[in-house]
Structure formats: C-alpha cells, structure tokens
2 protein chains.
Amino acid sequence: MVEYYSQQTPFLLALDVIIFGFDEEGLKLLLIKRGFKPCKGQWSLMGGFLKEDEDMEQAADRVLHQLTGLSDLYLEQLRLYSKPDRDSDGRVISMAYYALMKTDHQDSKQLEKHNAQWFKIDEIPELVFDHREMVNHALARLRRRCKTQPIGFELLPDKFTIPQLQKLYEAILGIELDKRNFRKKILSMDLLQKLEEKDKSGSRKGAFLYQFDKEKYDRLIGEGFSFAV
Amino acid sequence: MVEYYSQQTPFLLALDVIIFGFDEEGLKLLLIKRGFKPCKGQWSLMGGFLKEDEDMEQAADRVLHQLTGLSDLYLEQLRLYSKPDRDSDGRVISMAYYALMKTDHQDSKQLEKHNAQWFKIDEIPELVFDHREMVNHALARLRRRCKTQPIGFELLPDKFTIPQLQKLYEAILGIELDKRNFRKKILSMDLLQKLEEKDKSGSRKGAFLYQFDKEKYDRLIGEGFSFAV
DNA sequence: GCAAAAGTGTTGAACTTACACCCATGT
DNA sequence: ACATGGGTGTAAGTTCAACACTTTTGC
C-alpha cells in the first residue's frame, strides 16, 4: 500500500436492502425486527457489513440470502447514505439496494428466524436511522424503472395472468389502468407466452396463465428493442 | 460504538468524478495526469478520499472544487466500484460521480496545477484501474438523463443559441437531429427566454441567444410537468 | 452575388386514450 | 339465473418523423 493511502481514514461500510414483494393485498415491504444493537427491538431494513473478500454486490446477495434463503433475486444499487450522523451508534456508510422477491418462493421458517415481516407499502412502521428515506427512494426508483424494464415479472410467480400483472403495475404506480389498453400494450411486445392452463383462483371463468420469455427479451434488446408499459 | 460494529473491517472510501465539458469540438472529458502514486504519470479521473467530517456529496464537491476552482457544478452519483482487486495498490472502494461543467467558466491556471486536460469523448487515452468502465457508465447515464432532465444547460454558457443546444444534444447522443423538429420540441416547453442579442460567432446571419428559465422549470415540475427532448 | 448558417410549416404515420359489451363459470 | 371477473375493438386526438425553401449578412 502506498503511503498516500495509509494516511487516509477508513470507514465501516454496510449495505441495506429494501425488499419488495407482491401478493393479493398489494405491494409489500419486508422488514426485520432488530434482535441486536443498536436500536434493538425496532423495525429496520435488512442489512450487513461489507467483508474483505467480497464486492458490494456479493455482500448484498449474501445478506439477502441470509434473510430469505433465496439466491439470484433482482437486485439494484440505489445510492450511498453517508451523512456523518446517520447512524446513532457510530460512523457507518451504507449502500442502499432494492430487491424484488417472488413471495410464492418465500421460506417462512427462514423469515421467522430474523423476525421478518411483510408490510403493506402504505402501512410501513417507523424505521431506524434513515431507512425510511431509503424506502422512499427505492419506491420512486421502482416506479420509474418498472415502466421501462421488465422487472415486474420478478415480483410475480413464474406463471401469472394478465389481470394479475395489471394489478401489480397498479400497485406499484398507485394508479388505475385501463384493462384493454394494458393488455394491448403488454401483449403487443410479444414477450409473454400464453399457456394452455388457466388460473381459476381469481374468478369463476378463470384467466389464462402466461410466462415471460426472458430469452426472447434478451434477444430483442440486442436488436435495439425497448420495453415499455 | 456497539460491539457488533467494532468487529467489522473498515475500508478506505474514495470517490472518482467523471467531468464532462462541451465546446466547439464536441463533448469532452477532463482527465488528470497523476502526479502521485500509484500509477504516477498515467491518465486518470480526478478523485479523492472521504474525510471524517463530511458526507460523500461534500467530498465530491470538495474534490471537484480542488481541481476546477468551481463550486455548485451539477453532480450526480453513479455507482459504487468495490471489486477487491480494482486498485492495484490496496483495497479502495470508490463511489463514482459525474459532473457537468461549463467550459467557459474554467480557470486554466487551476487546471494546469493538476495537469488536467480535456479529451474528446472518442479520443480518451488509457486510464488507470477501472476508470474507463466508470467513464462508459457515466456516458450511458448522461445519454439517458439528458433526454428527461434539463441538464444540457449545465454544459453551455448561460446564454446560448438553439443551434448550439442542438449540437450539444447531437454530441451527447451521437446522432443527428432534425433542426426543425428540435426547435419545435425545445421551444414548445416554453422554458427558454429569447434575448434581444445575437451570437454572431457561428454564422454571418447570427443566431438569437436564449437563457434557460430555471425558476419556471422548478415551478412546472411541481405541477407534474416533465422535460423531454 | 454568393456562401454559410439561421430560421420557418405541413402532412402522413404511429401511437395513445377513452370507452361498453359479451363470455364462461360456480353457486 | 345471476354475480363475478375475463376478455375483446374502434374512433378521436395527440404526438412524432420526414421533408425544402427563404433569410440575413460578411466577404
């Protein structure tokens, strides 16, 4: 290490992850009741510290796996929270991430271990430090992002119906959409594979199930296509 | 500090800033020839380390001021570069920012002090560490951002002509634009104040100068307006 | 008088929005 | 038979893209 480096102050580097989920009730946030100091007993985002042998993305994956037992969730960097006094108990710099999780893949046992609980997006309890600000930022990013990237599918089961997909977008954007126009737009991109099966849980008639064709999407992207809802 | 914290490894936290400029020749990047180790003598982005009493944005402002002598430049966080081996000389985590600078405000003396030099965007020399990756990322972000935010004006003199503005967008986006459509679109937002004066440097006829009306923009944004080029 | 850049409108195509009824099924 | 959510098409309005000529002025 060069001398110039050794004169610098090192910092504790953490990450916090805003985990979104979606179910019949709408858009949800996964929070943990802290079983450790500081702020033990309060609601907070899941987080962790960066370790020597990993980069920040790996740390985020690790922390996410630790909580949920799942790997390869959609994960996106938000921004660095670095105010000197943001943590009541010492100087910690935190990189915020948000993740999208299919709630039907969840392992409830695993979640209980960390006292984790889903909260409706408009019923979020008071959070420690600047976590509420992080959540607001993540939500804003999700709202922007979901219009131009096919990330909504990360929140739905692998097989889903068009009405379900529409409800998801309505929950994220907080607005109502016209079902004819929504169908037209989403199907016109020709990225959804219609299956034979129907999902009968939502109605007597039942709605056809679809699958997102990721390979086709990747191919089209290479050709200059852009996703839009 | 709680015990849990003191068990963690601290890291050196730096920042690097991709500084864009624009002049008659097109879009430019401001680089420094490193007068210090590691990689002394090689071209690199301007950077610095986070200090104890500041947050990362303040650090970025400070570093930017140190190089250019200017304050309050447009500055946006990009992403964290945290690979364990990214710096050849020790573990340094770096937050990348990009900044937009009006080249007509530059202080050449100041820039010379740091051996700083402007490079055309398609003539960037080899850079140290992962700085080239940072530049690519910044450029991609700038291209996306300039279509939906009025950040182009941060690269032009306070008074500018429509053809100048168009050339700026063409330089950023790397495509040609139709001047009638461009004018129509940009003027239809009604955010540019036409001045009496003409700039005669670009042609015999001369082109009218305009000013961006930031107050009006802020007002409109509050009313749900969105900027688009 | 000519070269060089500034400035100006129209038309067709594509896309967006608004809107109302029939269908299939379980009870 | 009826209640519930699933599924479908069209017309008007808006936005976008393509395109060519006139103006001003310094030389």
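Sequence lines set the chain letters: A, B, ... in the order given, protein chains first and strands last, and positions in each chain run from 1.
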Classify the ring geometry between A/Phe20 and A/Tyr98 as parallel (under 30°), tilted (30 to 60°) or perpendicular (over 60°). perpendicular
Length of the line joining A/Gln166:CD and D/dG6:P, which is rounded to integer Å: 9 Å
N or O in side chain of A/Arg204 less than 4.0 angstrom from C/dT27 OP1/OP2: no
Minimum-distance nucleotide to B/Lys205 side chain [options: C/dT16, C/dT8, C/dG7]: C/dG7
A/Asp199/A/Lys159 ion pair, N-O < 4.0 Å: no
Answer with yes or no after comparing the ring centroid distance for A/Phe160 and A/Phe153 against a 6.0 Å cut-off, counting only values under it. yes
Starting at atom CG of A/Asp199, determine the distance to atom P of D/dG6, rounded to an integer number of angstrom. 9 Å
Is a donor-acceptor pair below 3.5 Å formed from side chain B/Arg180 to base D/dA20, judging by atom type as modelled? yes
Does A/Glu123, at its CD atom, have more than 12 non-hydrogen atoms belonging to other residues, nucleotides or ligands within less than 6.0 Å? yes
Rounded to whole Å, the CG-P distance (B/Asp178 to C/dA6) equals 14 Å
Quick one: which of C/dG26, C/dA18, C/dG9 gets closest to the side chain of A/Lys184? C/dA18
Grab the CE-P distance between B/Met189 and D/dT15 for me, whole Å please. 13 Å
Whichever of B/Pro163 and A/Asn181 has the more 5' nearest nucleotide on DNA chain C, that residue is B/Pro163
Whole-Å distance separating the CZ atom of B/Phe182 from the C1' atom of D/dT15: 18 Å
Distance in angstrom units between B/Leu209 CG and C/dA6 P, rounded: 12 Å
Which nucleotide, D/dA17, D/dG6, C/dA6, lies nearest any side-chain atom of A/Lys179? D/dG6
Are more than 12 heavy atoms, taken from residues, nucleotides or ligands other than B/Asp72, located less than 6.0 Å from that residue's CG atom? no
Minimum-distance nucleotide to A/Phe208 side chain [options: D/dG26, D/dG7, D/dA18]: D/dG7
Protein-nucleotide distance (A/Lys167, atom NZ; D/dG7, atom P), rounded to Å: 10 Å
How close or far is atom C1' of C/dA6 from atom CG of B/Leu195, stated in whole angstroms? 16 Å
